[in-house]
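Residue numbers start from 1 in every chain, and the chains themselves are labelled A, B, ... in the order their sequence lines are given, proteins ahead of strands. Source: prediction; values computed, not measured. Excluded from the calculations below are hydrogen atoms, water molecules and symmetry mates; all remaining heavy atoms, backbone and side chain alike, are included.
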Amino acid sequence: MENREIAEVLIEIADLLELQGANPFRVRAYRNGARTVADTSRPLAEMVEAGEDLTELPGIGKDLASYITELIETGESSVLEEAREKVPSSVRELMRIDGVGPKRAMLFYEELGVETVPELEEALEEGEVGQLPGFGPRSLERLRQGIEDYKRHTERFRLSDADRVVAPLLEYMGAAPGLVAVETAGSYRRRVETVGDIDLIVIGDPPEAIMDHFESYPEAARTEIAGPSRGTIVLKNGLHIDLRILPEESYGAALHYFIGSKAHNIAVRKLGIERGLKINEYGVFRVEGTTGGEDEAPDVGEKIGGAREEDIFEAVGMVWVPPELREDRGEIEAALEDDLPDLVVLDDIRGDLHMHSRWSDGEASIEEMARACAERGYEYMAITDHSVAVRVANGLDPKRLEEQWEEIDEVRKRVPEIEIFRGMEVDILPDGSLDLPDEYLDELDLVIVAVHSRMGLPEAEMTDRIIRGISHPAVDILAHPTGRLINRRNPYAVDLERVMEAARERGVALELNSNPARLDLSDVHLRRARELGVRVAVNTDAHRVANLDLMGYGIDQARRGWLEAEDLINSMGLPEFRRWLEREG
DNA sequence: GCCGTTTTCGGCCCGACTGTTTTCAGTCG
């Protein structure tokens, strides 16, 4: 059982408990536990098998540890079964509609017998929802809209799709009257691989004029909320944009608060409480103690900061934390010790080691790719077309590969400013053998291996297949190690822990594929690779010149995985990289 | 349900907006 599956069970229990009106802190405990499990790269199943104590993990106590153990050992969860008896799990889906939380979902279920979104839509059309208490005409209309949005876009948006929306939006907002500054926040700013909405922070005056300008955005389909300091518009493509307008003296506090993540904020605020401070989006305040009555809120005293983000971190004894790390995955502790990683930046990249040309399924010639790489300031690059097994991609057989080498030799002469390595993306066949004879593998400067077929193999077989594949002494890099496509295809079943250990022993690097549809490895796995001492290659897998610019997405993801330049192989200068290629596996 | 250098019990981050049951619950981030 994979961690992802365990986390899903804990989330399902949390949802069901929430629907049943359980203690909200108990619900949160399950969600926190789920987050811990999802953020742990080591398989919990392995930890259980080794007899390790799961309560060592943050947010996992005696109860959750026993539920997880039961789940791993039996494949079932009695707690989940029990929760499902009270509410059908399909009711959870209702909560995904904007404006519907646990209370309303439960109201629909108990009063109308509604268990699914289509049933809710029907009840709405039949006028049944209008009979419920608390549902006036505005609520009904909002629910109708919410269902429409739900049907149109149930998935989160890929970061690259969000980027295309954000650039023109920022330009438009920059022209708002009285605007001083506008910045992105939220998961977009943290560069999470997918985003649910876009958060904008604005400093300016008067707020009403800025909010009017915001609501008038030509791409907006409608306004969801428009208060004095907060608004939401929905774009024609279904993406929600949240805007917060704040005074300049609160800029840093607001930025910190709205960049999140929620878990990071909670942890920082807790540190504040320990120091007698109250932290909110307006600033950092000293708490003066209560003035009397039992339910009296603590008196908020002197404001001691908030104009700069650093004010927040300094107030609780931390150094500034890059947004990509703000997930409460250890960055709080590291920042308290001033021991954060020196995160990799795009400028650290000296070469792109995975790209295709017209020889297989690329759209540009080798020379076009070489010149484009040189323009990006790279010292080296590798042409890595597909091997023959990938027939749909016009994979090269040995004969065509030899012909390609002649062309590479010619391009080397014409584009001397960059070193072009002869590479290939060689398929790992279902039995783990490589799709190219040894004598050709030996002639290549750089060998990438990858799985493109039979992705449904059972985990043990897939793991053995991949480990056998990377065990060939000619192999340098394992490409897109899990095969996932964001929102489209799940990762194939593979024990990455074993693959990573094998890669480290053999001196093979794992790829971080920068294509925003892949971003494979994930942030959590990258972090694990770093812990295990496995080197990483951040590559674009470009199939045309413009794709070379996808490197930035790989860097974003690498930063989320805590990677430093020295964790990568393609941050090495050319001489050092040559030595790496010559290494003994 | 978790957690503890003020605590093994009693806390658990904090604020904005909406609609409607006119004083606040529900939802969201």
Side-chain angles (χ1 to χ4, degrees), chain A residues 10 13-14 17-19 21-36 54-68 79 94-108 130 132-143 145-146 185-190 195-201 207 211 223-232 240-246 250 253-254 256-285 287 297-298 300 312 316 328:
Chain A
L10 295 180
I13 295 171
L17 288 176
E18 193 174 29
L19 284 165
N23 176 351
F25 296 107
R26 188 172 161 226
V27 174
R28 187 202 281 178
Y30 279 94
R31 294 201 197 288
N32 284 342
R35 197 169 55 85
T36 291
L54 296 182
T55 64
E56 297 287 312
L57 296 167
I60 307 288
K62 213 163 126 276
D63 289 357
L64 285 185
S66 78
Y67 302 156
I68 292 170
V79 182
L94 302 179
M95 288 197 287
R96 292 188 55 188
I97 298 167
D98 223 27
V100 177
K103 295 293 192 308
R104 287 176 189 156
M106 214 46 190
L107 191 66
F108 297 148
L132 296 172
F135 279 89
R138 308 282 295 259
S139 298
L140 292 175
E141 180 51 32
R142 182 134 192 258
L143 182 60
Q145 277 293 351
S187 52
Y188 176 83
R189 180 65 173 268
R190 300 199 310 280
V195 300
D197 60 16
I198 303 289
D199 298 293
L200 293 184
I201 303 287
M211 193 59 77
T223 298
E224 188 93 339
I225 298 171
S229 73
R230 177 175 191 160
T232 301
H240 286 53
I241 315 287
D242 289 341
L243 181 78
R244 280 300 295 259
I245 306 176
L246 290 120
S250 298
H256 177 258
Y257 181 54
F258 289 104
I259 286 175
S261 68
K262 188 172 177 164
H264 169 93
N265 286 348
I266 290 174
V268 170
R269 286 179 179 201
K270 266 188 188 162
L271 286 176
I273 292 169
E274 286 168 19
R275 287 165 173 73
L277 301 171
K278 177 194 178 78
I279 298 170
N280 59 27
E281 60 262 56
Y282 297 103
V284 184
F285 304 86
V287 177
V300 174
I312 313 301
V316 295
D328 191 21

*asked:* Please compare Tyr67(A) and His240(A) by the position of their nearest nucleotide in DNA chain B and report the one closer to 5'.
replied: Tyr67(A)

_dG1(B) base / Asn23(A) side chain donor-acceptor hit below 3.5 Å_ = yes

_Taking only side-chain N and O atoms of Tyr257(A), does any of them lie within less than 4.0 angstrom of OP1 or OP2 on dA16(B)?_
no

*Do Arg35(A) and Asp328(A) sit within salt-bridge range, that is, some charged N less than 4.0 Å from a carboxylate O?*
yes

_Nearest heavy atom decides the nucleotide; on that basis, is Ala29(A) or Gly136(A) closer to the 5' end of DNA chain B?_
Ala29(A)

*Can you tell me the pairing partner of dT8(B) across any strand shown, Watson-Crick or G-U wobble, with both distances under 3.5 angstrom?*
none

*May I ask you to decide if the ring planes of Tyr67(A) and Tyr30(A) are parallel, tilted or perpendicular, using 30° and 60° as cut-offs?*
parallel

_Quick check on dC2(B): is either OP1 or OP2 less than 4.0 Å from any side-chain nitrogen or oxygen of Tyr30(A)?_
no

Mind listing the side-chain donor-acceptor pairs of residues 55-65 of chain A below 3.5 Å, one per line with the distance, residues two or more places apart or on another chain?
from     : atom 1 : to       : atom 2 : distance (Å)
Thr55(A) : OG1    : Asp53(A) : OD1    : 2.8
Thr55(A) : OG1    : Asp53(A) : OD2    : 2.9

*Examine dC14(B): is either OP1 or OP2 under 4.0 Å from a nitrogen or oxygen in the side chain of Lys270(A)? Give yes or no.*
no

*Can you see which heavy atom on Asp197(A) is nearest to which on His240(A), and at what distance?*
CB-O, 3.2 Å

_Distance below 4.0 Å between Arg269(A) side-chain N/O and dC12(B) OP1 or OP2_ = no

